[in-house]
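Right, one structure below, let's go through it.
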Amino acid sequence: MTFGKGHHLHLVDGSAFIFRAYHALPPLTRKSDGLPVGAVSGFVNMIWKMIEDNRGPDAPTHAAVVFDKGSHTFRNDLYDLYKANRDEMPEDLRPQIPLTREATKAFNIACLEQEGFEADDIIASLSCKARDAGGRVTIISSDKDLMQLVGDGVEMFDAMKNRRIDAEGVREKFGVGPDRVVDVQALAGDSVDNVPGAPGIGIKTAALLINEYGSLDELLERAEEIKQPKRRQTLIEHAEQIRLSRQLVSLDCNMDLDYDLDSLEVKEPEAEVVLDFLNRMEFRSITKRLAEHLGAEPPAMPEPKAEATPAPEMPEIDPDAYEWVKDEEALQRWIGAIRAKGAVAIDTETTSLNEMRAKLVGISLCVEPGQACYIPLTHRSEGQDGDLFGSDALAEGQMPMARALELLKPVLEDPAVLKIGQNMKYDLKILAAEGIVLAPFDDTMLISYAMHAGLHTHGMDTLADRYLGHTCIPIKEILGTGKSQITFDRAPIDKAVRYAAEDADVTMRLWRTLRPQLHTARTTTVYETLERPLVPVLAAMERRGVKVDRNTLSRMSSAFAQKMAALEADIHALAGEPFNVGSPKQLGEILFDRMGLPGGKKGKAGAWSTPADVLEDLATTHDLPARVLDWRQLSKLKSTYTDALQEHIHSDTGRVHTSYSIAGANTGRLASTDPNLQNIPVRSEEGRRIREAFVAEPGHVLVSLDYSQIELRILAHVAGIEALKQAFREGQDIHAMTASEMFGVPLEGMDPMVRRQAKAINFGVIYGISGFGLARNLRIPRDEAQGFITRYFERFPGIKDYMDDTTGFAKEHGYVQTLFGRRINTPEIGAKGPQAGFAKRAAINAPIQGTAADVIRRAMIRMPDAIEGLPAKMLLQVHDELLFEVEEGSVDALTAAAKEVMEAASLPAVDLSVPLVVEAGAGQNWAAAH
DNA sequence: GTACTCACG
DNA sequence: GACGTACGTGAGTACG
């Protein structure tokens, strides 16, 4: 078949795939001989994913993976420094390059390279050819150098971001259409490829110039007309260098190719060939997965040689090897094995991710990598949908739950047997509901978090992938997705055994891999004193829940609904037409297109953006935006709080049970979900009333204790600012004191506006202050804000030193630390471009926010013992606040005890040079307790 | 699924 | 000189 209309060519930037795979994966080696194969395995996974993702109506008819070949190209002849600043290829990547070619061929995909040409030129020539023949092209790459090819049926696809890039996308990146991309690149240059360009001109300026003059040639010809003297001079002086740069970035569309389009026709992979390759690479899990997909037998793997020493040594994961425990005899055997080992990895399977709704379905155990079992307990027998008889009966092959738990309870509670889990808080809560108090335990999620916060997330799939090179069986393979999704108790037991026991097996392997690393990362203390002991404390808080009064919420909902309806009518009348007030896009069209109001900005998708601060500016002169702001506030309160909260009231307890994630926030803070009880309104009067629905049981009172200015106190301590420390010791108003120091105004009779500005600066410092940010917050001109900052740093030079020291430490080590040794990794700190600013500010903020988080964690961990004997329970944590429910007569005793724990929480590990002060309040509801 | 908006510390 | 900006979260709605 001749390539032409209706055909679709996929061109993959193979070199980019290799580098991404190399950097994204740990350095895996082939077991039998230690050959590095990490990049190859990543490459293979990406190719396979691409094939799978591209099945369907828009599937490519032709495809090729294109590689660079040889280091010397015609561009080096033009300019000998081209790509001269490239680092040497890493030693362990070099031998993998030919293997990726082999992999491509094994998948039956054309593999293209040509001596003396970069992959980009081959891609360019093929794209042009295909386009001229009337076909379509998708270039799978995110390389900006290829963007000049986009248009007329040629698109790019960024496989990493899963995003298509068309002419509009190019325009976003370069500010000009694809046809002018080379002009912009020629001016802006490229430090990565060492293309010189015009000094001092970046993409933005380049686009500006090209748009003004139409083209690079025109611009260079009329360079004399440029108004800015520096720019004019640069362009005139460097005209030659700019022309050379254009040659360097221009892709060759007409190179003489060794192959034609027709030879690139898509062919299905041949099972035997691809499996043989994967087998030789010893990629066990992907070999298996592909074999299943292709309906072939996986070939036998060669046995690893004895001298290979991947640490720690573990057998391959094999879900077929797991045992289905059906009776008491089998379970006794496993319990014996656990006692013999002294440690077991455990995982519970349930009907729901929500621990309060979840019912136990089965338990998996693993005593040694590869040796795992699953004990199904309450699986239902399979039956057709709507089969009223079969479906509620227990399935065959399960022992009675009560008996199984009776046998397991002694081991699970045995202080001599370590239980290992991934996210143990979940299993702890599930087992607590069955009367089992599991202890002692280790948690692989928290071990990972203590070492690697900031580097990646800590879910099992991520960890298995990164540290074991293993892809876990996806849960959707067992339960399905969407509407037809079933609960775990409906899953066939043979499948459940594979999934559940694999989880326990993987957990055991992660523990063997990660636990020994804790001390080399010097984070054992963090894990043992700040992470692990918090788990049972949180589990108890979550199970207790907080009482929420449904009637209060429901009355508020109705009131909000009425007010919103009235506002909506007003808004439509003001707009002259009905529209969806909740749609920023439609609202923007009314405000900015129709009414022609100023200040409108469009977002990434090209739709109008209408954030509150913009509307607030408009509200001073127009009614419509003012009403929209009111409507939005009510809409938020109603949907997120008065409506949604009601759905979270548990039918048995009448209380709301949030779930805290311990390893969610990088800084060490907790995060609250389902529902989030850390963002219940308080700042606005109307919103605060929602807290009236959080109530104490009859005869009880809610007590709230919160740290006063804890982050600023920590800043004063770590940066060693004597004036701030002194002010805190004397109990002064810290913002007023700052204002007084900065502006030389007396504390007495201070203008509230001046204090407000000082307050904004104090907060800004904690966030890694910038002139821009402060200006926006205070709504003052940027240079004025910058002036404030300069003055602040002059007055408190220790703050500037702290910031520089912190970012310096982050650059040197790749992480920052809290006072308690918590480590927050900062992998982006060395980045160039806008991420650098983000990373820097995050690095400045993390030790402060993180130390505050550590302090309250320590208080929470000590709290159960401190209030033991009092009729009181800790219910909620909101970053610097703890909420308790206590019997009426014991308010004072509880307040005193809890306050003491909180104020002394940093001791004895850290003796702060400023006092920690806790403020307390009590009342029938949360609003009153504040 | 992503973008936008907004609630909290 | 240019670039894009306050730190950390979770959730609901619109829209493709």
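In the text below, chain A, chain B and the rest are named by the order of the sequence lines, each starting its count at 1. Hydrogens, waters and symmetry mates play no part in the numbers below; they use all other heavy atoms, side chains included.
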Exercise for the section: Rounded to whole angstrom, note down the P distance from B:dC6 over to C:dA6. Expected result: 15 Å
Handout entry: Rounded interatomic separation in angstrom, taking CG from A:Asp706 and P from B:dG9
Key = 9 Å
Practice task
Could you pick out which residue, A:Arg231 or A:Arg776, lies toward the 5' side of DNA chain C when each is mapped onto its nearest nucleotide?
Solution key: A:Arg231
Fill in the blank from the handout: From CD1 of A:Ile824 across to P of C:dC7 the rounded distance in Å is 15 Å
Practice task
Return yes if some donor-acceptor pair links the side-chain N/O of A:Tyr707 with the main-chain N/O of A:Ala852 below 3.5 Å, else return no.
Solution key: no
Problem - Ring-face cation contact, A:Trp608 with A:Lys602, 6.0 Å cut, 45° max - result: yes
Problem - Spacing between A:Phe763 atom CZ and B:dC8 atom P, to the nearest angstrom - result: 13 Å
Exercise for the section: Describe the nucleic acid contact of A:Arg782 in one word from base, sugar-phosphate, nothing, applying a heavy-atom distance below 4.0 Å. Expected result: base
Practice task
Just call it for A:Ala612: base, sugar-phosphate, or nothing, with non-hydrogen atoms closer than 4.0 Å on any strand.
Solution key: sugar-phosphate
Fill in the blank from the handout: DNA chain C in dot-bracket form (Watson-Crick or G-U pairs under 3.5 Å, [ ] crossing, | inter-strand) is ......|||||||||.
Problem - Sugar-phosphate only, base, or nothing, as touched by A:Ala760 at under 4.0 Å among non-hydrogen atoms - result: base
Practice task
For atom NZ of A:Lys759, decide whether the heavy atoms of other residues, nucleotides or ligands shown that lie under 6.0 angstrom number more than 12.
Solution key: no
Completion exercise
Out of B:dC6, C:dA6, C:dA2, minimum distance to the side chain of A:Thr205 belongs to C:dA2
Exercise for the section: To the nearest 0.5 Å, tell me how far A:His238 NE2 sits from A:Ile201 CD1. Expected result: 10.0 Å
Exercise for the section: Mark yes or no for whether A:Glu919, through its side chain, and A:Leu705, through its backbone, hold a donor-acceptor pair below 3.5 Å. Expected result: no
Handout entry: N/O (side chain, A:Thr610) to phosphate O (OP1/OP2, B:dC4) under 4.0 Å
Key = no
Practice task
Look at all strands and tell whether A:Gly764 reaches a base, only sugar-phosphate, or nothing, counting heavy atoms closer than 4.0 Å.
Solution key: base
Exercise for the section: Please state how far atom CD in A:Gln709 lies from atom C1' in B:dG9, giving the value in whole angstrom units. Expected result: 12 Å
Practice task
Would you check if the side chain of A:Asn845 reaches a backbone N or O of A:Ile766 as a donor-acceptor pair within less than 3.5 Å?
Solution key: yes
Exercise for the section: To the nearest 0.5 Å, tell me how far A:Met902 CE sits from A:Met860 CE. Expected result: 9.5 Å
Problem - A:Arg632 vs B:dC6: side-chain N/O to OP1/OP2 distance below 4.0 Å - result: yes
Problem - DNA chain C contacts among residues 839-849 of chain A, heavy-atom distance under 4.0 Å - result: A:Arg841, A:Ala842, A:Asn845, A:Gln849
Exercise for the section: Specify whether A:Phe579 and A:His572 have parallel, tilted or perpendicular ring planes, treating 30° as the upper limit for parallel and 60° as the lower limit for perpendicular. Expected result: tilted
Completion exercise
Protein heavy-atom contacts under 4.0 Å, written 5' to 3' over nucleotides 9-16 of chain C as B (base), S (sugar-phosphate only) or - (none), form the string SBSSSSS-
Problem - Separation of B:dA7 P from A:Phe560 CZ (nearest whole Å) - result: 12 Å
Practice task
Check the pair A:Leu724 / A:Arg713 against side-chain contact (heavy atoms from CB on, under 4.5 Å), numbers first and verdict last.
Solution key: CA-CA 8 Å; A:Leu724 288 179; A:Arg713 286 170 197 265; over 6 Å; no
Practice task
Return the value, rounded to whole Å, for the distance between atom OH of A:Tyr660 and atom P of B:dG9.
Solution key: 13 Å
Practice task
Could you tell me whether A:Asn777 contacts a base, only the sugar-phosphate backbone, or nothing, with contacts defined as non-hydrogen atoms closer than 4.0 Å?
Solution key: base
Practice task
Considering just the side-chain nitrogens and oxygens of A:Arg683, establish if one lies under 4.0 Å of OP1 or OP2 belonging to B:dC6.
Solution key: no
Practice task
Take atom OH of A:Tyr767 and atom C1' of C:dC7, then tell me their distance rounded to the nearest Å.
Solution key: 6 Å
Exercise for the section: Answer yes or no: does a side-chain N or O of A:Arg669 lie under 4.0 Å from OP1 or OP2 of B:dG9? Expected result: no
Exercise for the section: Say whether A:Asn762 and A:His735, considering side chains only, have a donor N or O and an acceptor N or O under 3.5 Å apart. Expected result: yes
Practice task
Assess the side chains of A:His657 and A:Glu355: does a donor N or O sit below 3.5 Å from an acceptor N or O?
Solution key: no
Problem - B:dT2 base / A:Arg163 side chain donor-acceptor hit below 3.5 Å - result: no
Practice task
Could you give the distance separating B:dA7 and C:dA2 at their C1' atoms, to the nearest angstrom?
Solution key: 35 Å
Handout entry: A:Arg164, CZ: over 12 other non-hydrogen atoms inside 6.0 angstrom
Key = no
Practice task
Would you check if A:Lys800 and A:Tyr792 make a side-chain contact, meaning some heavy-atom pair closer than 4.5 Å?
Solution key: no
Practice task
Could you check which of C:dA6, C:dG8, B:dT5 has an atom nearest any side-chain atom of A:His879?
Solution key: C:dG8
Fill in the blank from the handout: Closest to the side chain of A:Leu774, out of C:dA6, B:dC4, C:dT5, is C:dA6
Exercise for the section: May I have the distance from A:Gln228 (atom CD) to C:dA2 (atom C1'), rounded to whole angstrom? Expected result: 14 Å
